[in-house]
Each structure stands twice: as C-alpha cells, then as structure tokens.
Q: 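Structure provided below as structure tokens; questions to follow.
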Amino acid sequence: MKILNRNEVDINTTWNLKDLYNTLEDFNKDLESVVTEIDSFNKNYEGTITTAQNAVDALNINAKLIEKITRLSTYVSLYNSEDQSNNDAMELSGRLGLSLGESFAKLNFLNQELALLDETILNEIKDLDPSLNAVIDNLIRNIPHNLDPKVEDAITDLGASLGSPYEIYNMAKLVDMKFDPINVNNKDIELSFGYYEDELAFSNDIETRHKAFDSFHKSLKDNSNTFASIYKSQVLKEKTMARLKNFDSTIDYLLFNQEVSRDMYDRQIDTIMDELAPHMRRFAKHLQDIHKLDKMTYKDLSLVVDPEYEPDISIDAAKVHLLEGLSVLGDDYLNMINRSFDERWIDFPQNKGKSTGAFCSSPYGVHPYVLISWTHKMREVFVLAHELGHAGHFLLAGENQSIYNTRASLYIIEAPSTMNELLMANHLKTTSDDPRFKRWILSTLVSRTYYHNFVTHLLEAAFQREVYKRIDDNLPISASILNDIYQNVLEKFWGDDVEISEGSNLTWMRQPHYYMGLYPYTYSAGLTVATESSRKLLEGSLDIEQWKNLLKSGGSKTPLELAQLVDIDLGSTEPLKNTIKHIADMIDEIIALTEELDGK
C-alpha cells in the first residue's frame with residue numbers, strides 16, 4: 001500500500017478547517033485583534049478587582065478572550081495534526097506562540113487579584129453569576145498553591161518552552177523517524193507510525209505481522225536515547241512545578257486539577273493489574289488456540305478472534321450504523337452525527353505526517369473536529385463512535401456551560417466516548433442471531449474497547465506511576481531504565497502466558513499521553529463509568545436523560561458528583577469490580593461461542 005502525501009488525498013474525506021477560519025487573512029486578523037484586546041483588558045482592569053461586580057465583569061471579558069485564543073490555537077493544532085511535515089503549519093504555530101507569548105502573562109492579574117479577595121466577596125460573585133461557581137470554587141482550592149505573581153508571570157512567559165517536549169516528541173516521531181520497509185512474498189511494504197499501529201499490527205499473516213513489529217521496534221530502539229531525553233525533560237519540568245506549588249509529590253500535583261484523590265488513582269491501577277490480568281491472559285491463550293500459534297507473544301496480542309469475518313465498510317455505511325446504534329441518545333444527538341459527516345468535521349485519510357491514533361478537538365463556540373485514519377474495516381466504526389462520544393459531550397457541555405465549565409475532569413472524560421462504543425455493540429447484537437456475528441461483536445469489545453482502555457493505557461499508567469516515583473526519589477532516568485520499568489510492568493501483567501518479545505519494552509515511546517499529565521489511567525476510569533451506566537440503562541434502572549445531564553454538566557461538577565448523576569459511587573471499588581466481572585463474562589461467552597461454532 002502506498003502512503004499518500006497530504007496533497008494527494010480526497011479533499012471530501014478531510015475536515016473543513018474553514019469553519020474556524022475561512023482564510024489565513026481571517027486568522028491573522030483575529031490574532032492581531034486578540035493581542036490588542038488582551039492589552040486593553042489588562043490596562044482597564046488590572047488593580048480594579050476589588051468588588052464582586054468588577055470581578056464578574058472581568059471574568060466574563062476574560063472568557064471571551066479565552067474563547068478566541070482557543071479558536072486560534074485549535075486551528076494551528078489541527079493544521080499541524082493533518083501533516084506534521086507541513087512547513088506552513090509549523091510556521092503558523094511558531095507565529096502564534098510568539099504573538100501570544102507576552103500577551104498570556106497579561107491575563108495572570110485576574111486570578112492573582114481574585115485570590116486576594118475576602119471569602120464573602122468570592123461568595124457574592126457566585127450569587128451575582130452562578131455560572132462562575134466552579135471557577136470560584138477552583139480558585140479557592142488553588143490559593144494554597146499560588147506562587148508570587150512575578151513567578152506566575154515568568155511561568156506564563158515560558159509557556160512555549162515548557163510545552164516544547166511534546167512538540168519535539170511529535171516532530172521526532174511523525175516526521176524524522178523512518179522505518180525500513182519489509183518484504184513479504186517478494187513484495188515490499190512501506191512502514192510509517194500510523195500504518196503500523198492501524199494496520200500491520202493487526203495483520204492475520206504471521207510473517208507480515210512479525211516482520212513489521214521487528215522493523216518498527218528497530219527504529220524505536222535506534223531513537224530510544226533521544227526519546228528518553230525528551231521524556232525526562234517532561235517529567236523533570238512537572239516535578240519542578242510540583243515543588244514550586246507546594247505539593248507533596250509530582251503525582252499529587254498532576255492529580256490536583258483532576259479533582260481526584262490519590263486513593264482513587266492507585267486503586268484504579270492496582271485493582272486492574274491484580275484482578276483483570278488473569279482474565280486477559282485467558283483471552284490471550286484463546287487467541288493462541290484460534291490462530292494455532294506455537295506460542296503467544298507480544299507481537300500477536302493485536303490479533304482478533306475472527307479476522308476473516310470482519311467486513312470492509314465504507315464511510316457512508318459507517319454513518320448509517322452510527323445513526324442506528326446511537327439513536328437511543330435522541331434526535332439532537334443524531335443531528336450532531338449527521339452534521340459531523342455532512343459538514344466535514346471528520347478527517348479520514350491516511351497520509352504521511354498525519355498524527356497517529358484518533359482524537360476529538362472541541363473549540364468552544366464552533367464545533368468539534370475528529371481525526372481518524374480510516375482503514376475501511378468495521379472495527380473503525382467503534383473508533384469513530386468513541387470520538388463522536390467526545391464530540392457529543394463537548395457540544396452539549398458547550399451549549400449548557402460557560403467556557404470555564406465546559407471541560408470535565410480527565411478522570412471522567414473518557415466515559416462518554418466509551419459509552420458510545422458500548423451502545424453501538426448493544427445495538428448490533430440485536431440485529432442478528434448469528435453466533436459468529438455475536439462473537440465478533442464481543443471480541444471487538446474485548447480486543448479493542450476494553451483491551452485498549454483497560455490494558456494498553458492501564459499498563460502505560462502503571463509504568464508512568466513508577467517513573468514519577470523514581471523522579472520524586474531523585475533517581476536517574478535513561479532509556480535503559482525506562483525499558484526495564486516497562487518490561488517489569490509487562491511481565492507482571494502477562495505472567496508466563498505471553499512471551500514478551502524483544503522490543504516490547506519500547507512501547508513507552510509510542511504514546512503521546514505521557515506529555516499530558518496523568519492521562520493514561522483515566523481511560524479505565526471513564527470506561528468503568530460507561531460500563532456501569534450502560535448496564536443500568538439496559539436494565540432499565542437508568543434513564544437516558546440522566547446520562548445526558550452528565551454530558552451537559554461538563555466540568556461544573558467533580559468526577560464523584562458527575563458519577564452520582566448516573567447513580568454510580570466512584571468512592572467505592574464496586575463499579576470497578578463490576579466492570580472487571582463484565583469483561584470476564586464476555587471472555588467466557590466468546591470461548592463458549594467458539595466451541596459452539598467449532599462443534600465441540
């Protein structure tokens with residue numbers, strides 16, 4: 001398969017960034033405008049935040065400025081994501097950073113002056129404008145961790161530099177890293193980061209799958225020292241921020257904005273590592289039996305139960321499935337799905353330089369954008385349902401909350417996306433009594449939805465936790481040390497049932513989530529909420545409006561409070577244990593269906 005350049009793909013399958021800015025001239029005008037408006041805001045309001053009314057006025061002006069800044073930065077981010085090698089996009093990103101670098105510091109005064117107000121005035125602000133409740137509550141939480149205003153200004157001025165590890169990581173991974181092609185049956189196959197992760201890792205042909213794994217991980221190994229240095233700079237930056245802001249540990253600092261306790265964080269990792277592992281090992285052995293492998297290796301973990309059954313699917317057919325499967329969410333939600341296709345919110349093509357994986361970006365006041373690399377396989381319907389779950393969440397939150405309250409905690413952010421995957425699966429199961437089709441649905445949930453969120457990202461989280469512990473203990477970080485940590489995590493989870501192939505411990509190089517704080521563990525947290533909500537919905541003990549109220553609430557409530565809207569207690573182990581049991585039951589059913597299909 002030839003991997004196309006961006007200018008070779010069908011424009012009708014790409015996203016339409018003109019909804020953000022119709023022309024580059026419009027972008028530049030908005031950039032100049034927001035710099036001027038920030039300067040004016042600073043001159044007119046700095047030193048005046050002494051009354052509740054002044055505070056409300058300033059916060060509302062600040063919200064409009066943040067909305068414009070978000071629109072500008074989203075445009076640049078998406079432009080870069082579609083092709084990281086695009087020099088025009090890189091230049092635009094640099095111009096945005098330089099233009100806003102000094103301006104950002106001029107907004108710091110607002111929080112600094114609000115933090116000096118008496119509590120009675122802060123409560124009066126909430127009385128005058130209830131939409132600011134979460135803003136003020138969060139401000140009060142942050143007071144013990146606020147720094148001297150000059151230090152806060154300096155950190156803001158250094159924003160571009162402090163964000164450089166992620167930028168360097170993406171450039172090294174998506175542009176500079178090259179992979180040797182592989183030869184199978186006298187045919188050369190090109191490799192890229194995206195093509196390996198989206199296609200070749202799933203190949204049913206053992207020679208293709210193993211050769212691709214080896215070539216891919218050879219390049220990772222060749223670049224491991226550079227990537228370790230980039231990652232080290234990221235965690236050392238976070239450690240420094242934790243110390244400056246008076247947190248006991250880097251992990252506590254990173255959990256603070258999620259409004260999640262250390263107990264909730266540790267419980268999520270430890271319970272899954274201990275209690276889910278035996279079930280996933282059993283699933284891995286089942287894959288080994290089905291594919292008649294001499295041994296089960298890490299190279300084979302992306303195999304699916306019935307690869308020859310999975311049909312190809314067009315983008316148009318995927319839209320039909322999504323509309324049918326998510327109809328329970330109501331006409332307003334279905335309208336969002338129709339618009340996402342008709343108005344080109346989604347970027348489908350595979351092309352050189354494109355960001356890997358899939359994501360949803362949701363600029364306030366516009367509409368969400370979804371990136372995916374479409375492989376024309378049925379499994380991508382679940383991926384698209386996942387990302388449109390984020391889109392629906394942010395769209396509903398944006399319509400019902402101020403920009404301050406739109407984004408929920410990372411701990412809950414993956415619940416709406418994985419809920420959509422479960423709703424799709426539940427719908428598909430009602431369309432046929434064919435045991436092979438039913439097994440395909442269940443195995444897709446296990447090998448894609450749950451494996452990805454409860455295993456892949458959870459193992460990353462277990463690795464990440466050990467890295468932060470090491471950093472806080474002032475111990476060194478290097479490529480070999482990171483490899484050893486990941487190797488230990490893999491061996492603990494898979495035991496003797498899966499051979500950890502050479503190069504598997506380089507998996508820490510593959511994910512961008514390490515540059516986004518404590519993100520990896522939240523996938524399993526979100527899926528726990530989604531699994532419990534889906535179960536309650538099917539049993540009739542949860543009304544769909546309760547779920548939509550969670551979506552509409554955005555970040556106006558804590559994770560514990562949001563879960564309470566759907567009658568889930570995240571302060572206990574019960575939801576997590578129920579989810580693990582649900583996964584185990586699905587694996588039992590898959591094995592039973594295989595025996596039925598084999599006539600055993």
Q: Check whether Asn453 reaches the backbone of Tyr523 with its side chain - one donor and one acceptor, N or O, closer than 3.5 Å.
A: no
Q: Count the heavy atoms of every other residue, nucleotide or ligand shown that sit under 6.0 Å from CG of Asp331, and state whether that count exceeds 12.
A: no
Q: Under a 3.5 Å threshold, yes or no: a donor from one side chain and an acceptor from the other, between Thr573 and Arg267?
A: no
Q: Decide if atom NZ of Lys173 counts as having more than 12 heavy atoms of other residues, nucleotides or ligands within a radius under 6.0 Å.
A: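 Yes, the 6.0 Å shell around NZ holds more than 12 heavy atoms from other groups.
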Q: Between Glu574 and Lys577, does at least one N-O distance fall below 4.0 Å, as a salt bridge requires?
A: no
Q: Enumerate the residue pairs fulfilling side chain to side chain donor-acceptor pair (under 3.5 Å) with a member in residues 241-256, sequence neighbours excluded, ordered by first and then second residue.
A: Glu152-Lys245, Ser249-Asp252, Thr250-Asp472
Q: Is the distance between the ring centroids of Tyr21 and Tyr79 less than 6.0 Å?
A: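 No, the ring centres sit 6.0 Å or more apart.
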Q: If you measure only the distance, is there a donor-acceptor pair under 3.5 Å linking the side chains of Gln258 and Ser409?
A: no
Q: By the definition ring-ring contact (aromatic ring centres under 6.0 Å, His included), identify the one residue from Trp15, Phe27, Tyr369 that meets it with Tyr75.
A: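 The residue from Trp15, Phe27, Tyr369 that satisfies ring-ring contact (aromatic ring centres under 6.0 Å, His included) with Tyr75 turns out to be Phe27.
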Q: Has the side chain of Asn142 got a donor or acceptor atom that lies under 3.5 Å from a matching backbone atom of His145?
A: no
Q: Is Lys18 salt-bridged to Asp26, going by a charged N under 4.0 Å from an acidic O?
A: no
Q: Kindly compute the distance separating CG (Leu550) from CE (Met419), expressed to the nearest 0.5 Å.
A: 9.5 Å
Q: Could you tell me how the ring of Phe227 sits relative to the ring of Tyr169: parallel (under 30°), tilted (30 to 60°) or perpendicular (over 60°)?
A: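 Rings of Phe227 and Tyr169: perpendicular, as their planes differ by over 60°.
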Q: For the pair Tyr265 and Tyr521, name the ring-plane relationship: parallel under 30°, tilted 30 to 60°, perpendicular over 60°.
A: perpendicular
Q: Can you establish whether the number of heavy atoms outside Lys29 located under 6.0 Å from its atom NZ is more than 12?
A: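 Check fails, neighbour count at 12 or below.
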Q: Does the ring of Tyr364 carry Arg71 above it, NZ/CZ under 6.0 angstrom from centre and within 45° of its axis?
A: no
Q: May I ask you to check if Arg141 and Phe256 form a cation-pi contact, with NZ or CZ under 6.0 angstrom from the six-membered ring centre and within 45° of the axis?
A: yes
Q: With no hydrogens and no angle check, is any side-chain donor or acceptor of Asn44 less than 3.5 Å from a backbone partner on Ser40?
A: yes
Q: Please determine whether a side-chain nitrogen of the Lys or Arg among Asp347 and Lys354 lies less than 4.0 Å from a carboxylate oxygen of the Asp or Glu.
A: yes
Q: Under 3.5 Å, side chain of Asn80 to main-chain N/O of Val76, donor-acceptor pair present?
A: yes
Q: So, the side chain of Thr522 versus the backbone of Tyr519: is there a donor-acceptor pair under 3.5 Å, distance only?
A: yes
Q: Hey, what do you get for CG (Leu114) to CD1 (Ile121), rounding to the nearest 0.5 Å?
A: 10.5 Å
Q: So, are Asp473 and Lys469 salt-bridged, with charged N and O less than 4.0 Å apart?
A: no
Q: So, are Glu46 and Lys106 salt-bridged, with charged N and O less than 4.0 Å apart?
A: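 Looking at Glu46 and Lys106, the cut-off is not met.
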